[in-house]
Amino acid sequence: MSQHPIRFGIQTAQQQTQWTELRGLWQKADLWGYDSLWIFDHFYPIMGADPAGPCLESWTALGALSQHTRRARIGALVNGNTYRNPCITAKMAATLDHASGGRFVLGIGAGWYELEHKSYGVDFKTVGGRLQALDEACQIIKGMFTQEKFSLHGRHYDVTDAVCSPKPLQQPHPPFMVAGMGEKVLLKIVAKYGDLWNSGGSAERLGHLIAVLKRHCDALGRDHEEIEKTVITSLCYRAGAEREAAALARGAAMSRGTPEEARKSIMIGGPDECFATIERYAKVGVTHFIFSMTPPYMEDEIQHFAEEVIAKVRRP
């Protein structure tokens, strides 16, 4: 049994949306009882949308959204490490932790969207290079959060006596959420630095990855139960047949599986099916469900799920 309670969050990709629409949903979701609220860290729309379409910048948007929420933890799922020098990331994260009243979670990953890198003149590196850079960045950020001065002379970053003052409000530091599923390197980085881990996929697939993560933690002398396991998925609650079919088709396309297989990885159907989905993931150790969504936001579904599922899960 996991030491972490069942939690629920929402990720609102801030593409093809208006600021007032995004702000309004965050305010409501915070009141409805969602535990975490997330944006993504992209400069261009993704998921098949026109890259030239509107997309709000993540850190600026998150700072503003922090002032319109009071309870939920907030962050980006997840920041692309390659986009910023890790010392700058540390400073921004510490500032946002203060601005949010200690509710910030630092989501971070290796980065993957090559088009953004090429367009903006950011070094994309090789896959191995991006993973090495992610490891060094986590060392630097955590070091700046916890030490008076921090130095690291690595392959990708050369940092000397870097200072982060003031320190974050959360001590010893805001939680790190590391995202990805690479078994040899990425999950080892999660074992070294992660307070939360995020991935997508079926309960069976995540159960396998958690077993790999446990082996990495065992090698480091760390209890893997310290790491909160989160899954990014879709919400299609008490929707009509047409919307269910569309959600299953999207899920099947993304997972390269069948709609029947996709149904097992989506929070879909009525309360009973959702409770069964939650139990299936919880059995393998996944306790935090984050629903990724794009406009138009189905606010009735989001509210009804909170009132009919989240409230019951939390009931003693």
Side-chain angles (χ1 to χ4, degrees), residues 9-29 34 36-65 74-84 107-122 124 127 130 177 179-181 198-201 230-237 239-240 242-259 261-263 265-268 289-302 305:
I10 291 173
Q11 184 208 45
T12 52
Q14 64 276 13
Q15 63 183 47
Q16 299 172 319
T17 187
Q18 299 294 320
W19 166 249
T20 52
E21 184 180 18
L22 181 64
R23 180 188 64 196
L25 177 59
W26 273 53
Q27 289 174 316
K28 292 172 185 175
Y34 284 86
S36 62
L37 299 171
W38 311 84
I39 56 178
F40 70 11
D41 184 33
H42 289 288
F43 306 106
Y44 292 168
I46 58 172
M47 296 176 281
D50 179 4
C55 185
L56 298 172
E57 192 279 323
S58 64
W59 282 87
T60 313
L62 193 59
L65 289 165
I74 63 170
L77 202 174
V78 289
N79 290 286
N81 174 61
T82 45
Y83 296 137
R84 302 167 191 88
I108 194 163
W112 62 270
Y113 195 13
E114 187 174 6
L115 175 62
E116 289 177 323
H117 290 76
K118 287 185 173 180
S119 295
Y120 281 38
V122 177
F124 190 52
V127 173
R130 294 199 300 277
M177 174 192 272
M181 59 179 65
N198 179 262
S199 187
T230 77
V231 61
I232 187 163
T233 184
S234 300
L235 176 66
C236 188
Y237 182 64
E242 184 176 344
R243 189 166 131 67
E244 276 202 3
L248 292 172
R250 283 195 305 273
M254 292 179 66
S255 64
R256 299 179 182 178
T258 66
E261 291 169 335
R263 191 172 191 103
S265 304
I266 296 174
M267 197 67 71
I268 193 169
F289 301 84
I290 301 172
F291 307 128
S292 179
M293 53 190 65
T294 57
Y297 304 124
M298 303 298 176
E299 291 192 358
D300 286 347
E301 281 186 30
I302 299 167
F305 183 85

> With side chain to side chain contact (heavy atoms under 4.5 Å, CB included) as the test, pick out the partner of Thr12 among Leu37, Ile39, Thr294.
Ile39

> Quick one: closest heavy-atom pair of Ala252 and Pro259, and the distance?
CB-N, 3.8 Å

> Given side chains that start at C-beta, do those of Val122 and Glu116 come closer than 4.5 Å, heavy atoms only?
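No, too far: nothing below the 4.5 Å cut-off.
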
> Out of curiosity, Met267 CE to Phe289 CZ, how far, rounded to the nearest 0.5 Å?
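Output value for this atom pair is 5.0 Å.
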
> List in chain and number order the residues that pass side chain to side chain contact (heavy atoms under 4.5 Å, CB included) with Ser199, two or more places apart in sequence or in another chain; answer none if no residue qualifies.
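Met181, Trp197, Leu209.
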
> Not counting sequence neighbours, which residues clear ring-ring contact (aromatic ring centres under 6.0 Å, His included) with Trp19? List them please.
none

> Atom CD1 of Ile232 and atom CG of Asn198: how far apart are they, to the nearest 0.5 Å?
5.5 Å

> Check whether the ring centres of Tyr120 and Tyr44 lie less than 6.0 Å apart, and answer yes or no.
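Ring centres of Tyr44 and Tyr120 closer than 6.0 Å.
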
> Does the side chain of Thr233 reach to within under 4.5 Å of the side chain of Phe291, using non-hydrogen atoms?
yes

> Mind checking what makes ring-ring contact (aromatic ring centres under 6.0 Å, His included) contact with Tyr83, not counting sequence neighbours?
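By the ring-ring contact (aromatic ring centres under 6.0 Å, His included) rule, Tyr83 matches Phe43, His117.
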
> Could you grab the distance from atom CG of Leu77 to atom CD1 of Ile290, nearest 0.5 Å is fine?
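The CG atom of Leu77 sits 5.0 Å away from the CD1 atom of Ile290.
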
> For Ala110, is there any backbone N or O sitting under 3.5 Å from a side-chain donor or acceptor partner on Asn81?
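No, because the side chain of Asn81 does not come within donor-acceptor range (under 3.5 Å) of the backbone of Ala110.
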
> Sequence neighbours left out, what passes side chain to side chain contact (heavy atoms under 4.5 Å, CB included) with Ile302? Give chain and number order.
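Partners of Ile302 by the side chain to side chain contact (heavy atoms under 4.5 Å, CB included) criterion, ordered by chain and then number, come out as Ile10, Leu25, Trp32, Tyr34, Leu235, Met293.
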
> Show your reasoning for whether side-chain contact (heavy atoms from CB on, under 4.5 Å) applies to Thr82 and Tyr113.
CA-CA 10 Å; Thr82 45; Tyr113 195 13; over 6 Å; no

> Check salt bridge (charged side-chain N to carboxylate O under 4.0 Å, His left out) between Arg263 and all other residues, then give those that pass, not counting sequence neighbours.
Glu244, Glu273

> Is the closest side-chain heavy-atom distance between Trp38 and Val78 below 4.5 Å?
no

> Could you report the tightest heavy-atom contact between Gly111 and Arg130, atom names first, then the distance?
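Gly111 and Arg130 have their closest heavy atoms at O-NE, 2.9 Å.
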
> Hey, what do you get for OG (Ser234) to CG (Leu248), rounding to the nearest 0.5 Å?
9.5 Å

> Can you give each donor-acceptor pair under 3.5 Å made by side-chain atoms of residues 48-55, sequence neighbours left out, with the distance rounded to 0.1 Å?
unit_1 : atom_1 : unit_2 : atom_2 : d
Asp50  : OD1    : Ala52  : N      : 3.0

> Does some side-chain heavy atom of Pro295 sit less than 4.5 Å from a side-chain heavy atom of Glu21?
yes

> Answer yes or no: is there a donor N or O on one side and an acceptor on the other, between the side chain of Glu114 and the main chain of Phe124, under 3.5 Å?
no

> Do other residues, nucleotides or ligands put more than 12 heavy atoms under 6.0 Å from the CD atom of Gln16?
yes

> Atom CD of Gln11 and atom CZ of Phe40: how far apart are they, to the nearest 0.5 Å?
7.5 Å

> Look up atom CH2 in Trp112 and atom CG in Leu115, then write down how far apart they are to the nearest 0.5 Å.
9.5 Å

> For the CE atom on Met254, are there more than 12 heavy atoms of other groups (residues, nucleotides or ligands in this structure) within a distance under 6.0 Å?
no

> If you measure from the Lys or Arg side-chain nitrogens to the Asp or Glu carboxylate oxygens, is any gap between Arg84 and Glu57 under 4.0 Å?
yes

> Work out which heavy atom in Val231 is nearest to a heavy atom in Gly201; give both atom names and the distance.
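Minimum heavy-atom contact is CG2-O, 4.1 Å.
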
> Work out which heavy atom in Arg243 is nearest to a heavy atom in Cys236; give both atom names and the distance.
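That closest heavy-atom pairing would be NH2-CA, 3.8 Å.
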
> Is the shortest side-chain heavy-atom distance between Glu299 and Lys28 below 4.5 Å?
yes

